[in-house]
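Chain naming here is simple, since letters A, B, ... match the order of the sequence lines and numbering starts at 1 in each. Worth saying up front: this structure is predicted, and the values here are computed from it rather than measured.
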2 protein chains.
Amino acid sequence: MTGEPSGGDLSRLRQLNAVAVIKALQGQGALTLTDVARRTGLSRASAEDVVRELLHKGWVAEAGATAGGVGRPARRYRFRADAGRVLGVDIGGHKILAVLADLDGDVQHSVRVPVTPGMGRLERLEAVDRAVAGCLEAAGLTGADVWASGVGTTGLVDGAGRVMLSEALPEWTGVDLAAHLRRIAPAPVLVENDSKLAALAECWRGVARYAKDMVFLLAGLRTGAGLVIDGKLHRGFANASGEIGALPVLGWIRAQEHLSAASGEAGDVFAAARAGERAAVTAVRRYVKDLALGASALVLALDPQMVVVGGGFSRSADVLIEPLRRELDRWCIRTPEVRMSALGDEAVVLGAVRLALDDVEERVLDGRGPLVSHL
Amino acid sequence: MTGEPSGGDLSRLRQLNAVAVIKALQGQGALTLTDVARRTGLSRASAEDVVRELLHKGWVAEAGATAGGVGRPARRYRFRADAGRVLGVDIGGHKILAVLADLDGDVQHSVRVPVTPGMGRLERLEAVDRAVAGCLEAAGLTGADVWASGVGTTGLVDGAGRVMLSEALPEWTGVDLAAHLRRIAPAPVLVENDSKLAALAECWRGVARYAKDMVFLLAGLRTGAGLVIDGKLHRGFANASGEIGALPVLGWIRAQEHLSAASGEAGDVFAAARAGERAAVTAVRRYVKDLALGASALVLALDPQMVVVGGGFSRSADVLIEPLRRELDRWCIRTPEVRMSALGDEAVVLGAVRLALDDVEERVLDGRGPLVSHL
DNA sequence: GATAAATATCATGGAGACCATCATTATTCG
DNA sequence: CGAATAATGATGGTCTCCATGATATTTATC
């Protein structure tokens with residue numbers, strides 16, 4: 001039932017405690033040894049021991065001592081987020097966004113390359129190369145300095161990092177993104193669907209930070225969903241979770257049609273609706289009804305704590321959120337909190353970073369991984 | 001993101017290894033120390049140490065030595081499944097089923113008390129009492145010997161073990177089942193929705209034994225669902241997952257109506273259909289169409305490895321399964337394996353047992369719990 | 001039946017990791 | 001400058017695991 005708890009060696013215990021110390025330091029700025037001990041539950045002596053080892057291995061650095069208080073000032077230690085770098089890439093219809101982030105997940109450099117939905121495979125891949133190369137160059141690094149890469153793209157992705165099916169982008173089905181990225185940066189490459197990554201990002205740094213179960217709705221020219229269940233991204237058996245749009249009665253297929261029918265330019269039906277224009281108001285109402293139908297199916301299935309709406313249309317929160325909430329209320333047994341994405345345009349790429357960081361952390365925990373740094 | 005890995009004490013390491021040894025022994029009959037060492041990854045010396053401790057605490061007993069082979073015959077040890085007992089109860093419309101199981105989850109005694117859907121609260125609870133008392137009596141035990149109880153019932157259940165909403169049973173909303181059961185057996189009581197428990201049971205001892213993501217369909221006079229995600233029962237934020245039936249377009253509300261419309265007695269439309277009777281065949285076809293619609297929503301949302309069909313109608317697998325598979329194929333991107341439940345009538349109560357065992361194991365792992373047995 | 005081979009158990013010692021405790025050191029406060 | 005405060009550093013102890021070798025018990029073979 002539950003995976004093997006394994007147990008094991010003494011050294012495993014040390015590993016566990018080392019990870020606990022790192023997690024305690026991460027994001028907390030700098031801590032004294034006493035702080036570390038309290039947060040990890042270790043004794044002060046052991047905390048010191050672990051920190052010394054991490055210091056030696058390059059995971060931790062000394063920060064300025066405490067000042068002000070009475071008594072001997074304590075040394076402080078911080079996680080060396082700059083010990084390694086991960087790459088995040090969002091490959092969309094209109095833009096390629098590549099970022100280089102440190103081990104805290106803070107973005108150091110980012111390059112955006114505009115593309116068009118009609119672009120072919122080679123052209124698009126070439127744009128990816130440029131974006132990534134731009135990041136590396138700005139940081140004065142090479143591909144070899146990257147510890148892991150995360151990539152987000154539209155369409156279904158298989159476990160090995162190939163695009164299995166993409167309707168939105170031409171010539172995109174069958175691209176082996178993992179292999180392509182590995183040519184630039186030889187570290188492990190994780191490829192994932194963009195809605196799923198946006199969901200991950202919202203749970204990490206967005207409005208769903210404290211939700212364990214969350215449904216992310218991608219509302220834009222495409223409609224999609226990403227699920228976080230029990231704090232983890234839910235992929236499904238063949239990485240095809242959240243594809244509720246395939247069921248016609250749930251409305252996602254026809255949802256956008258209401259909008260494009262209302263105005264030639266799909267662009268600003270929302271603005272028109274906001275201004276009170278009759279046809280636009282109707283179109284938006286119908287769109288929301290259809291969006292809510294599929295969303296209700298997800299909510300009823302999973303009973304999440306929160307629904308987060310992202311994607312291009314999330315800029316029009318004022319005319320979307322309240323009606324959506326009302327529609328959900330109509331169908332759901334318990335309507336979850338409904339929130340607008342806080343990450344906007346960068347949700348996918350942040351999710352890609354998180355994916356890469358997860359991979360790094362897993363390897364650290366295993367004891368393998370690129371620890372034993374260049375010291 | 002990931003829950004605290006905590007790390008911790010030396011004694012925690014021993015706990016971990018003790019649990020590993022117990023898991024190795026459980027279900028495996030009897031093992032020699034060398035076997036235990038190999039399975040847990042511990043050294044033989046340590047394995048011996050752990051086993052000695054478990055022996056002393058009453059978790060493990062010596063079994064007959066090996067015979068036949070060359071060399072000194074090894075002692076063999078087995079998990080003492082009889083060291084404790086858990087209770088499982090299924091409270092349904094037509095029957096109350098109570099079982100007493102050992103720590104391996106093997107049922108020792110079971111008592112079935114017929115009830116009617118129309119029965120009031122007190123009468124039903126009284127039937128529960130009789131079923132449970134019957135089990136305990138047959139085993140020559142008292143409520144104090146029970147380490148944990150699991151209870152399954154229709155309707156929504158809150159975290160504290162109260163029924164929050166039940167449409168099928170009269171006067172059932174608001175019953176505090178946990179409190180009621182605790183009066184009989186003072187150990188912890190876990191209460192859960194019956195579809196969810198059936199799902200759990202199928203993943204444990206049913207046809208979904210090796211599936212990590214699974215959707216269970218309860219097909220009977222009521223229609224319901226239970227989800228197992230990543231090997232764990234998915235409850236949702238307010239324990240209301242799987243309630244896809246609330247969405248009218250997904251057909252579960254009207255599904256059974258087709259059947260009851262076809263024959264006065266809802267009972268054997270399936271038999272009639274099997275015999276080729278025109279009206280019945282149509283009714284079943286419509287029923288399956290509606291069932292499949294809601295099921296497709298779940299499958300598309302989660303992309304599970306397997307769909308398991310249980311509930312009263314699962315006896316009519318021959319006229320259900322194939323059409324259901326075809327309908328799913330029509331809507332789903334990737335149609336999962338579709339299987340009929342192997343546990344039938346006892347799925348819910350087995351799930352209840354599993355729930356109780358999970359609780360026991362958790363407490364064992366924590367080191368609290370009723371270990372240090374009566375030795 | 002005695003001996004060899006095989007295998008399990010038991011005993012000893014060592015290493016790693018954690019903890020408690022106390023002496024030492026560096027500050028601030030009065 | 002001394003007292004109070006709080007961190008650091010050092011010592012010794014305990015727990016757990018592991019490797020290794022001595023001892024025990026059985027089967028196979030001569």
Side-chain angles (χ1 to χ4, degrees), chain A residues 4-22 24-25 30-57 59-78 365 367, chain B residues 5-22 24-25 30-57 60-78 365 367:
Chain A
E4 19 91 60
S6 69
D9 205 333
L10 273 282
S11 62
R12 168 133 185 86
L13 190 56
R14 169 51 73 92
Q15 293 267 350
L16 247 43
N17 284 333
V19 172
V21 167
I22 287 182
L25 288 175
L31 297 180
T32 71
L33 285 180
T34 321
D35 284 335
V36 171
R38 198 180 41 243
R39 277 169 202 267
T40 56
L42 293 174
S43 73
R44 218 210 82 100
S46 302
E48 188 174 352
D49 213 37
V50 173
V51 167
R52 205 195 315 276
E53 183 186 320
L54 290 174
L55 204 56
H56 178 70
K57 287 191 179 165
W59 285 102
V60 155
E62 207 171 327
T66 48
V70 61
R72 176 172 180 170
R75 290 180 183 172
R76 286 192 307 175
Y77 300 89
R78 63 177 178 81
L365 197 140
Chain B
S6 69
D9 204 330
L10 272 285
S11 62
R12 169 137 184 85
L13 188 57
R14 170 49 75 90
Q15 293 269 349
L16 246 46
N17 285 334
V19 171
V21 168
I22 286 182
L25 288 175
L31 297 179
T32 72
L33 285 180
T34 320
D35 285 335
V36 170
R38 197 180 43 244
R39 276 168 201 265
T40 56
L42 294 174
S43 73
R44 217 209 81 102
S46 302
E48 186 173 354
D49 214 37
V50 173
V51 167
R52 206 198 312 277
E53 183 186 321
L54 291 174
L55 205 56
H56 178 69
K57 287 191 179 167
V60 156
E62 207 172 327
T66 49
V70 61
R72 176 174 177 169
R75 290 179 183 173
R76 286 193 307 175
Y77 301 88
R78 63 175 180 84
L365 197 141

Side chain to side chain contact (heavy atoms under 4.5 Å, CB included) test vs B/Leu42 passes for just one of B/Val51, B/Val36, B/Val21, namely B/Val21

Look at A/Asn17 and C/dC18 and indicate whether a side-chain polar atom (N or O) is within less than 4.0 Å of OP1 or OP2. yes

Rounded to whole Å, CG of B/Leu42 lies from C1' of D/dC18 at a distance of 10 Å

In short, A/Tyr77 meets A/Leu25 closest at the heavy-atom pair O-CD2, 3.5 Å

Rounding to 0.5 Å, atoms CG (A/Asn17) and CD1 (A/Ile22) come to a distance of 11.5 Å

Rounded to whole Å, the CG-P distance (A/Leu13 to C/dG16) equals 15 Å

I'd like to know if B/Asp49 pairs up with B/Arg14 as an ion pair, taking the criterion as any Lys NZ or Arg NE/NH1/NH2 lying under 4.0 Å from an Asp or Glu carboxylate oxygen.
yes

Listing time: all N or O pairs from protein to nucleotides 4-11 of chain D that are below 3.5 Å?
| residue | atom | partner | partner atom | Å |
| --- | --- | --- | --- | --- |
| D/dA7 | O4' | A/Arg72 | O | 3.3 |
| D/dT8 | OP1 | A/Arg75 | N | 3.2 |
| D/dT8 | OP2 | A/Arg44 | NH1 | 2.3 |
| D/dG9 | OP2 | A/Glu48 | OE2 | 3.1 |

Open item on the list: Is the phosphate of D/dC18 approached by B/Ser46 (side-chain N or O, under 4.0 Å from OP1 or OP2)?
Closed with: yes

Interatomic distance, OG1@B/Thr32 vs CZ@B/Arg75, rounded to 0.5 Å, equals 12.5 Å

From CZ of A/Arg12 across to P of D/dC18 the rounded distance in Å is 13 Å

- Task: Check for a donor-acceptor pair, side chain of A/Arg78 on one end and backbone N or O of A/Ala61 on the other, with a separation under 3.5 Å.
- Result: no

Whole-Å distance, A/Arg14 CZ to C/dC19 C1', equals 13 Å

